[in-house]
Amino acid sequence: MTENLIIFNVRVVTPLGFSARRGREMGELYILDEATVEVTRGLITYVGPNRGEQRDGYYQRYWHYNARGKCLLPGFVDSHTHFVFAGERAEEFSWRLKGESYMSIMERGGGIASTVKATRACNFIRLRAKAEDFLKQMSAQGITTVEGKSGYGLDRETELLQLRVMHSLNNDEHKRVDVVSTFLGAHAVPQEYAGRTDEYVDFIIREVLPSVTQNELAEFCDVFCEQGVFSIEQSRRLLLAARSQGLALKLHADEIVPLGGAGLAAELSAVSADHLLHASDADIRAMAEKGVVATLLPLTAFALKEPYARGREMIDAGCAVALATDLNPGSCFSGSIPLTFALACIYMNMSIEEAITALTLNGAAALNRADSIGSIEVGKKGDFAVLNTDNYYFLPYYVGTNCVNATIKEGVIYTI
Ligand code: NIG
Ligand code: FE
């Protein structure tokens, strides 16, 4: 659904550009007070000073929105989530509170494997309904585009089921959030393949990837490149096969131990490398050189009680940093945009302006969409987050609290 809309008297706050902002550029926002933004059939057609829009009949075909006292930002782009799954893992969370580690729970058959069991037992309707509830919560926080991953099937049928759920949500005429799909068949080694990781990689390459690409069910391929899960060599083999079948590349890299996943992302010119808690200095430089978006997920570090990724250093090294939530039932059962802002600014030493760029234009770049979303510029989609204040500092300052007053998707206003 698209609309014609004129937003006036607003304070526009946006990064500018049609590609990722790197290094120092991340802190440069365009701010315009007493501004008007015009959206025509869902696309931005004017951004500039107020201009007395009641002048002629032309404007009768537009909705008018007086946004005095509010900030207009690009809709937030959550470029890394696992929002399609069945079951929860609250028990496991309680074990972690008592000191058990995320990986030791995974090694003894819990963790991702327990969500796989629940997801395999679920049907399309229930899986879709639950995922749709998450989309509503995302929209209420100003998100207009989200990336979602498979990876809770680890068999052909259930991997495709998760991707079909996302495809269906993205094709909904009344959707409030665009959904970008990533195939993460290499999220864990399923029980049937225990001790036979190479054979499982063969299985994904031969039996699952072709169905994903032939049915156009994903744009990206991701892998959990981690000690005890998929090695650098196994990840490389899978990603090269995915690329040869037309998918763009992402990696879960250096999340738990420093394995060199960020370096592999640079070697393969992946679109993004995500997590990066333990990325080395050399790999950070390599990512900056190759233009790999460094996607940081501070909610996961928070929930796992791990040290945060070195966001400040990555920006200073010239990287394009994106922020995302990593919403999933295990390592991080939170999709909170306000808390993401607060953690990034307080613990990763990002400026408020850099965090805004990271959750808008650089999130879009992490999804190969910086040409169509992520900033408020003529030609881009009319996707916005409207804040209930004219002071965008509230985003991290009002810790963990939503200050989004309305979300606008392709010119359609949804008040919160
Ligand atoms: O990004 N580390 C791998 N994948 C997710 C966690 C998935 C889960 O625990 O269910 C992550 O942290
Ligand atoms: Fe993840």
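The basis for the numbers below is simple: all heavy atoms, side chains too, and nothing from hydrogens, waters or symmetry mates. Along the sequence shown, residues are numbered consecutively beginning with 1. Just follow the structure's listing: the first ligand is 1, and inside any ligand the first atom is 1.
For atom 12 (O) of ligand 1, the closest non-hydrogen atom on the protein side is Ser331 OG, 2.6 Å. From the protein, the heavy atom lying nearest to atom 9 (O) of ligand 1 is Tyr102 OH, 2.6 Å. Of the protein's non-hydrogen atoms, His275 NE2, 2.8 Å is the one closest to atom 1 (O) of ligand 1. At the top of the distance list for atom 2 (N) of ligand 1, counting protein heavy atoms only, stands Glu255 OE1, 2.8 Å. The nearest protein atom to atom 11 (C) of ligand 1, hydrogens excluded, is given as Asp326 OD2, 3.3 Å; this is a heavy-atom distance.
Ring to ring, Phe183 and Phe220 are not that close: their centroids are 6.0 angstrom or more apart. Aromatic pair Tyr200/Tyr193: ring centres closer than 6.0 Å. If you look at Phe341 and Phe76, their ring centroids are closer than 6.0 Å.
For atom 3 (C) of ligand 1, the nearest non-hydrogen atom from the set His187, Glu226, His80 belongs to His187.
Salt bridge status for Arg310 with Asp281: present, with a side-chain N to carboxylate O gap under 4.0 Å.
Within the 4.5 Å cutoff, no side-chain heavy atoms of Phe230 are placed close to those of Leu238.
Contacts between Tyr152 and ligand 1, counted as non-hydrogen atom pairs separated by less than 4.0 Å, involve the side chain only.
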**Request:** Step by step, work out the salt bridge (charged side-chain N to carboxylate O under 4.0 Å, His left out) result for Glu100 and Lys98.
**Result:** CA-CA 6 Å; Glu100 220 184 317; Lys98 289 186 192 130; over 6 Å; no

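Cation-pi check for Lys380 over Phe18 is met; the charged atom lies under 6.0 angstrom from the ring centroid and within 45 degrees of its normal.
Note that NZ of Lys149 is 10.0 Å distant from SG of Cys221, once rounded to the nearest 0.5 Å.
Side-chain atoms of Asn388 never come within 3.5 Å of backbone atoms of Val404 as a donor-acceptor pair (strictly under, hydrogens ignored).
Ligand 1 does not have Thr115 within reach: every non-hydrogen atom of the residue lies 4.0 Å or more from it.
The only member of Glu255, His252, Met103, Gln234 that meets side-chain contact (heavy atoms from CB on, under 4.5 Å) when paired with Val229 is Met103.
Legend: protein N/O/S atoms lying under 2.8 Å from the Fe ion (ligand 2), waters omitted, number 4.
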